[in-house]
Amino acid sequence: MNRKGINLAEGWRRVASVGAFCLGLAGFLTGCGPAPSSGDDSRVASPTSGAPGLVQGGTNRTSVASVAALPPQGTPTIPAGAGDGFADVTQQAGLRFVHQLCDERIVNIIESNGAGGVVLDVDQDGWMDLFLVNSGPLDGVTHAAPGTVRQPNRLFRNRRDGTFEDVTVKSGMTGGGYGVAAAAGDFDNDGFPDLYVVQVGRNLLYRNRGDGTYEDVTDKAGVGHSGTGISAVFADVDRDGLLDLFVANYLQFDPTYRLFFQPDGFPNALAYKPEFNVLYRNRGDGTFEDVSEASGIRIEGHRAMCVTVFDADLDGSPDFYVSNDLSPNLLLLNDGHGKFRDVAAERGVAFNALGEAAGSMGATVGDADGDGRPDLLVTRFGYGSLYLGGTNGLFTDRMIASGLGAITAQFVAWGGVFVDFDNDRDEDIFIANGDAHYLVGWQSLLLENQGNGAFTDAAEKGGAVFHAKLRGRGAATLDFDNDGRPDLLMTAMADRPFLLRNQGPSENHWLKLQLEGIRSNRDGFGSMVRVTAGGRTTLHGCRASTTFLMQGDPRVHIGLGAATRADRIEIRWPSGLVQTLDHVAADQIVRIKEPANRP
C-alpha cells in the first residue's frame, strides 16, 4: 500500500482555513469549560496537597471535579469492514473517557505529549483492567478559563464479557493534578498491583488494598517527586525480591521563554534545562530510598521521554533504556547489584542510523529477528531505530534494511509496541502516529514481520482503523477478552482512547503465562522464559512493558504458530531459580508459581 503522509507545506497553507474548526472541536471534545454551577452530590474534592509547583510556581485549578459528568465521546466508532483484522470496540466496551486538552490548540511542548495509561489486573481475577490518565488545566501550561474542572483519571474493571465497568469513584482513583502516565507493580508483594501516577508536578503512589480500592501512600512511601514527570517503571534492580521504582523526568519548563522563530509553533526541548531522573530503592517496609546518585543513574544533560526496562546483556539483572528528546539515549547497564553505567554509545543504541540524537519518544522490547536476543524499536520525531542485538553485546540499527524506514519516516511516531498479532511466532509492530504541533490526525501503522526481521505495511489486514487519521500518542498490547489474539490500546490527543479488538484468523496457536514470584518479586518481573515448540526455541521476558506513556499487559504472550503444544518451557526467575515445564498444551492461560525452594 502506498501511504501518503502529511505534507508540511500543505499543512501550513491549511492552518488558517481549518484551524478554527479543529481548535474549536478540541475545546468541545475535552470539556475545558468553566466549572458547572450545579450542586451535584457526586462532586468529589480533588487533592490539594502536593499541587504541581515546578512550572514556575504554577498551580492546578482542580478544587472540584464532577465525576458523574462524562465528557463528550470524541471520535465516532470506526466501523470495521468485512475481513478487517481489528475492530474499534471502544464504545461498545464502555470505555467512556476523553483526554482533556485545556487549550484551543497545542501551545507548548508539555501539552504536545498527551497522556497514557496502564493495563493491569486490579482484582487478580485473570482479566485485564484499564487505568487511563487525564491531564486537565495547569497554570503556566494550559490556558483554560478560570474555574475549569479537571476531568478525572478513570479506572475500568473488566466484566469478562467484552465490556468494562467504570469503578473510578469506588476505587478512589479520580486523581488530581496534570497527569501524564502511570506504572503498575506490586511493590508490597501482597498479590495486588499498585499504581504510580506520573504527573507534571507531584507524582502519586496508590496502594491496592485488594478490595477494589486504593489508598494514597505517597507521603508514607517517600516517592512524591515533583518535577516534569513523563514515565516510570517498576523493576527489582538489586534482585532482593522487592520492586524498585525508576521515574523519568522531562525538562524544566519555563512558560515565559519566547526566544524562538516559529510564528505559530513553540520552542523545542533544547530551549529548556534538562531534569534529572530518579531511582527509588524499595526498603521492604512500605518506604523507598532515593538512590539516584549512588546507583549512577543521575546523569546530566538529558530530557527523558520514556524509560524501558529489559535485560540487555542477559545476565539476569534488569537494565534501563532511557529515550531522550534531542540528546543521545541512555542504556544503563546493571552490574547485578543495582549500580549502573551508561553504555549506549559503545553498544550502538545512543543515536539513530543517521548519527542523530533525534527526538526519541519511547522504546519497545522484542525479538524481531528470532535469534533469541532482545531487540529494541525506538519511535521518534525523526528517523526511528530498530536495534538488533548481537552475540557480542552490540546492537545494529536495521531501520533501513528492515523496511521500516521507508514506511515510518513520513510520520511522527509516538507509542510503538512489538505484538505478534497473528500468533505466527514472529514479532510484528504497532505504531501510534500523530502531529506534534497541530491537532491533525495521521494513520496508525500495523507492520507485519516476514519472519526474518523485515517488515511490510499490513494496513489492509488490519482494516479500517489503520486508514483513519487519528491523533495517536500512547500504545499498548493486551488481551482483554482472553481469546489468545493480542489486542491493542491507543490513547489520543484531545480524544477518546481506541480499544482495538483482534478478530483476525485464529488458526495459529498460543500460550499466555501469568508468573507469580515467591522468592522473587510477586509479579515475576525480570524473569526470562525460553519456549521450545515445533523444533524452535524463542526467548520472552517478563517485565513491566512500558512504552511511551503506557504500560501493557503484564502476562507473557507466546505465539506458537502451527505447534499445538510447548515441548518445554524454561523459566529463569530473578532469584536465580530455574523452573521447567514439559508438554504444555497450547491455547490456554497458564498461571505458574515460582517454587519456594530449589528443586
Side-chain angles (χ1 to χ4, degrees), residues 119 121 126-128 310-311 314 316 364-375 389 417-428 448-453 477-487 502 504-520 522-545 552-596 598-599:
V119 179
D121 186 356
W127 295 76
M128 291 298 111
F310 76 118
D311 189 352
L314 299 180
T364 182
V365 183
D367 184 3
D369 54 359
D371 66 352
R373 289 182 291 272
D375 307 315
V417 289
F418 281 113
V419 53
D420 185 2
F421 73 85
D422 50 7
N423 283 325
D424 66 350
R425 308 195 69 180
D426 53 42
E427 302 272 12
D428 309 302
E448 186 173 9
N449 195 329
Q450 301 305 295
N452 58 355
T477 62
L478 72 162
D479 186 1
F480 79 93
D481 52 4
N482 281 348
D483 69 351
R485 289 175 288 187
D487 309 305
N502 188 336
S506 57
E507 66 268 15
N508 288 327
H509 300 284
W510 56 276
L511 273 172
K512 201 179 301 292
L513 308 183
Q514 174 69 59
L515 302 187
E516 181 182 330
I518 301 298
R519 294 159 54 93
S520 305
R522 188 65 174 262
D523 291 302
F525 289 164
S527 301
M528 298 300 296
V529 181
R530 292 186 185 276
V531 178
T532 301
R536 177 183 170 193
T537 299
T538 53
L539 177 70
H540 310 267
C542 177
R543 64 179 74 87
S545 53
D553 197 323
R555 300 171 295 184
V556 180
H557 181 85
I558 304 154
L560 293 176
T564 58
R565 72 177 188 182
D567 301 311
R568 185 178 181 85
I569 298 175
E570 180 183 285
I571 304 167
R572 186 185 70 187
W573 295 88
S575 65
L577 187 147
V578 177
Q579 181 179 7
T580 59
L581 297 87
D582 294 321
H583 310 306
V584 180
D587 304 327
Q588 62 171 324
I589 300 171
V590 183
R591 195 176 192 97
I592 303 174
K593 183 179 291 188
E594 179 185 19
R598 295 183 182 278

Not counting sequence neighbours, which residues clear salt bridge (charged side-chain N to carboxylate O under 4.0 Å, His left out) with Glu448? List them please.
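Glu448 satisfies salt bridge (charged side-chain N to carboxylate O under 4.0 Å, His left out) with Lys461 once adjacent residues are dropped.
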Once salt bridge (charged side-chain N to carboxylate O under 4.0 Å, His left out) is applied, do any residues pair with Asp424, and if so which ones, sequence neighbours excluded?
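Here no residue qualifies.
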Taking [X] for its side chain and [Y] for its backbone only, find out whether a donor-acceptor pair lies under 3.5 Å.
X      : Y      : answer
Asn482 : Trp127 : no
Asp369 : Gly453 : no
Ser527 : Cys542 : no
Thr477 : Gly552 : no
Arg425 : Ala563 : no
Glu594 : Gly524 : no

Starting at [atom1] of [X], measure out to [atom2] of [Y] and round the result to the nearest 0.5 Å.
X      : Y      : atom1 : atom2 : value
Glu516 : Lys593 : CD    : NZ    : 4.5 Å
Asp371 : Asn452 : CG    : CG    : 12.0 Å
Asp428 : Gln450 : CG    : CD    : 8.5 Å
Asp481 : Asp487 : CG    : CG    : 5.0 Å
Ile518 : Trp573 : CD1   : CH2   : 8.0 Å
Gln579 : Ile592 : CD    : CD1   : 6.5 Å

Closest non-hydrogen atom pair, Ala596 against Arg519:
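Heavy atoms of Ala596 and Arg519 come nearest at O-CD, 3.2 Å.
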Determine the minimum heavy-atom distance between Ala586 and Leu560, stating which atoms define it.
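The answer is CB-CD1, 3.6 Å.
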Residues forming a side-chain contact (heavy atoms from CB on, under 4.5 Å) with Asp121, sequence neighbours excluded
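Asp121: side-chain contact (heavy atoms from CB on, under 4.5 Å) contacts with Asp123, Gln124, Asp125, Met128, Asp129.
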Go through the structure and list residues passing side-chain contact (heavy atoms from CB on, under 4.5 Å) with Pro486, not counting sequence neighbours.
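Testing Pro486 for side-chain contact (heavy atoms from CB on, under 4.5 Å), a comparison that skips the adjacent residues, returns Val419, Asn423, Asn502, His557.
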Phe310 vs Thr364, side chain to side chain contact (heavy atoms under 4.5 Å, CB included): CA-CA, chis, key distance, verdict:
CA-CA 9 Å; Phe310 76 118; Thr364 182; over 6 Å; no
Evaluate side chain to side chain contact (heavy atoms under 4.5 Å, CB included) for Thr538 paired with Asp367, printing each intermediate quantity in order.
CA-CA 8 Å; Thr538 53; Asp367 184 3; 5.8 Å; no
Any side-chain heavy-atom pair from Leu314 and Leu539 closer than 4.5 angstrom?
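Yes, their side chains come closer than 4.5 Å.
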Where do Val578 and Glu570 land on the side chain to side chain contact (heavy atoms under 4.5 Å, CB included) test, with the steps shown first?
CA-CA 7 Å; Val578 177; Glu570 180 183 285; 3.7 Å; yes
Just one of Leu513, Ile569, Val531 clears the side-chain contact (heavy atoms from CB on, under 4.5 Å) bar with His540, so which one?
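The passing option is Val531.
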What residues form a side chain to side chain donor-acceptor pair (under 3.5 Å) with Arg485, not counting sequence neighbours?
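Listed in chain order: Asp483.
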Once salt bridge (Lys or Arg N to Asp or Glu O under 4.0 Å) is applied, what residue pairs with a partner in residues 578-590 remain, sequence neighbours excluded?
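Listed once each, the pairs are Arg568-Asp582.
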N-O pairing of Asp375 and Arg373 below 4.0 Å
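So Asp375 does not pair with Arg373 through a salt bridge.
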